[in-house]
Number of protein chains: 2
Amino acid sequence: MDDIDLKIIGLLALDAKRSLADIGGSVGLAPSSVNERIRRLTASGAIRRFTLDLDPAAMGMQTLVFVWIALREDADETAFREYAANHPLILECHHVTGAWAYLVKLRVSAPPEIEGFLADLKEHRFLGRSETVIALSSPVPGSFTPKDM
Amino acid sequence: MDDIDLKIIGLLALDAKRSLADIGGSVGLAPSSVNERIRRLTASGAIRRFTLDLDPAAMGMQTLVFVWIALREDADETAFREYAANHPLILECHHVTGAWAYLVKLRVSAPPEIEGFLADLKEHRFLGRSETVIALSSPVPGSFTPKDM
DNA sequence: TACGCACATGGATGACATTGACCTCAAAAT
DNA sequence: ATTTTGAGGTCAATGTCATCCATGTGCGTA
C-alpha cells in the first residue's frame, strides 16, 4: 500500500462514484491501473466494501446513545457479543478498559426507546449495571451505516 | 420514503456497486426507476454520499480510543468544535449528557500516540479534565471512514 | 368526468468498467 | 555483465451499465 493507494482510497471515501478515468487523472495513472489497484485493495481486505453514508435523521434515528455496561457476574459473554452483533440498533460494541466492561453505541428514534433497549438487555440476563449517555449535538457526527434492513 | 426506498438503501449499504438492473430485480422496479429513486434520496439528503468501508488495521489505525473531556472554564467552545472537526484523528465528537461535556472517538496507530493527542488538546487550552478509554476488542466494530486524506 | 401530478416504463445513447495483449523497469539469478 | 522474472503500467477493444427522454398509467382532486 503506497501513497497512490492512499490517494485513491481518499478520493473514493469522499465519493465512491467517481470514475476510474477521473481518479486516474488525479493520481497520474491510466483508468485500468486504478481499477487494478482498487481490485487489489478490495481483495486484500483494506477496502471492506462500497457503501453509503446516510443521514440518521432522515432514517428516523435522531437520537444517538452511548451505554456503558457491566455484565452480570453469571452472564454468558459470548452470547452477549452475539446478541450485540445481531441487534439492529447497536451500531458499535467495544470491550473497553476502565471501570466498565463494554461501551455500546446505538441510535434510536427518540429517548423513550432507550428504556426498551435496556429492558431487553435485562431480560436476556446480560445487564449488571449500566450508565446511559445521550448526545445532545455532534460537532463531528461520524458516518452512519445501519447494519440490517 | 417508502418501503422500496428503504430496501434500495439497504441493498446499497451492503454493496453500493450493485447495478441498477440488479437492484431493480430485487425490488420489482425498472432500472431507470431505481435510478430516479436514488437520485431523489441523494437530492433530499437521506443519502449523504457513496463511500468506502475500510479496514482500520490495514490503514494502520489499530487502536480505538474514547476520550471523555471536560473543557477548561475559559475554553472557547466554538473553537474546540472547529478543532475537532478538522482534526484528522477525531472520528466523532459528541456533546453529551452526564458528568462530562464531550465524548471524542478517535483512532490511532498505537496507544503511545494518545499522549500526543492529549498534549495537543492541552496546548490549545481546551483540556480541563479528561478520561481515556481504550477498546480492547470490538464485537461490533462499526464502519470506518477516515475524514481527511 | 376531467384534470394534473407523481411515478413507472422502455429504448436510445454515450460513458464507463473491464479485459487481455503487450510494454517497461528493476531486482534477483546465473 | 547479461539474462530472467515478475510486478505494475499502457492502450485499445468490448460489452455492460448509467443516464436521459418521450411516453404510459394510476390516483387524488377540482
Side-chain angles (χ1 to χ4, degrees), chain A residues 1-62 109 143-149, chain B residues 1-62 109 143-149:
Chain A
M1 167 122 61
D2 60 10
D3 286 353
I4 295 182
D5 281 338
L6 282 176
K7 216 164 169 183
I8 292 173
I9 285 178
L11 292 170
L12 285 178
L14 287 178
D15 176 12
K17 281 188 103 78
R18 286 187 67 169
S19 74
L20 298 176
D22 197 352
I23 297 169
S26 297
V27 302
L29 284 181
S32 55
S33 301
V34 176
N35 196 29
E36 172 63 11
R37 279 174 178 265
I38 293 172
R39 195 199 59 73
R40 272 203 302 275
L41 287 167
T42 306
S44 75
I47 295 177
R48 285 205 279 237
R49 60 188 178 159
F50 286 69
T51 185
L52 299 181
D53 181 7
L54 298 168
D55 177 11
M59 305 292 292
M61 301 273 104
Q62 289 93 345
S109 58
S143 62
F144 173 57
T145 305
K147 318 197 301 189
D148 58 323
M149 300 184 282
Chain B
M1 166 122 62
D2 59 9
D3 286 353
I4 294 183
D5 282 338
L6 282 175
K7 215 164 169 183
I8 291 173
I9 286 178
L11 292 170
L12 285 178
L14 287 177
D15 176 12
K17 281 189 102 77
R18 287 186 67 170
S19 74
L20 299 176
D22 196 351
I23 296 169
S26 295
V27 303
L29 283 181
S32 54
S33 301
V34 176
N35 195 29
E36 173 62 12
R37 279 173 177 264
I38 293 173
R39 196 198 59 72
R40 271 204 302 273
L41 287 167
T42 305
S44 76
I47 295 177
R48 285 205 281 237
R49 66 216 233 256
F50 286 68
T51 185
L52 299 181
D53 181 8
L54 299 167
D55 177 11
M59 305 292 292
M61 300 274 105
Q62 289 91 347
S109 58
S143 62
F144 173 57
T145 305
K147 317 195 301 188
D148 58 323
M149 301 183 285

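Naming convention: chains lettered A, B, ... in sequence-line order (proteins, then strands); numbering from 1 in each chain.
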Inset, instruction - Describe, as an angle rounded to 10 degrees, how the axis at the first end of the helix from C/dT1-D/dA30 to C/dT30-D/dA1 is tilted relative to the axis at the last end, five pairs per end. - result: 20°

Check whether any side-chain heavy atom of [X] lies under 4.5 Å from a side-chain heavy atom of [Y], and answer yes or no.
X       : Y       : value
B/Arg37 : B/Leu29 : yes
B/Met59 : A/Ile9  : yes
A/Leu41 : A/Met1  : yes

N/O donor-acceptor pair under 3.5 Å between [X] side chain and [Y] backbone:
X       : Y        : answer
B/Arg49 : A/Ala13  : yes
B/Asp53 : B/Phe144 : yes
B/Asp55 : A/Ile47  : no

Inset, instruction - Report the distance from atom CD of A/Glu36 to atom CG of A/Leu20, rounding to the nearest 0.5 Å. - result: 11.5 Å

Inset, instruction - Can you establish whether the number of heavy atoms outside B/Asp3 located under 6.0 Å from its atom CG is more than 12? - result: no

Within this structure, what is the [atom1]-to-[atom2] distance between [X] and [N], rounded to whole angstrom?
X       : N      : atom1 : atom2 : result
A/Leu41 : D/dG8  : CG    : P     : 11 Å
A/Arg37 : D/dG8  : CZ    : P     : 8 Å
A/Leu29 : D/dA7  : CG    : C1'   : 14 Å
B/Lys17 : C/dC16 : NZ    : P     : 13 Å
A/Glu36 : D/dT10 : CD    : P     : 12 Å
B/Ile8  : C/dC7  : CD1   : C1'   : 12 Å
B/Arg18 : D/dC17 : CZ    : P     : 12 Å

Inset, instruction - Would you mind telling me which of C/dT9, C/dA17, C/dC7 lies closest to the side-chain atoms of A/Leu20? - result: C/dA17

Inset, instruction - Look at all strands and tell whether B/Ser19 reaches a base, only sugar-phosphate, or nothing, counting heavy atoms closer than 4.0 Å. - result: sugar-phosphate

Inset, instruction - Evaluate side-chain contact (heavy atoms from CB on, under 4.5 Å) for A/Val27 paired with A/Leu11, printing each intermediate quantity in order. - result: CA-CA 10 Å; A/Val27 302; A/Leu11 292 170; 4.2 Å; yes

Inset, instruction - Would you please confirm or rule out a distance under 4.0 Å between OP1 or OP2 of C/dT9 and any side-chain N or O of B/Ser33? - result: yes

Inset, instruction - Determine: side-chain N/O of A/Arg40 to OP1/OP2 of D/dA7, distance under 4.0 Å, yes or no. - result: no

What does the list of N/O pairs under 3.5 Å between the protein and nucleotides 19-28 of chain C look like, with a distance for each?
none

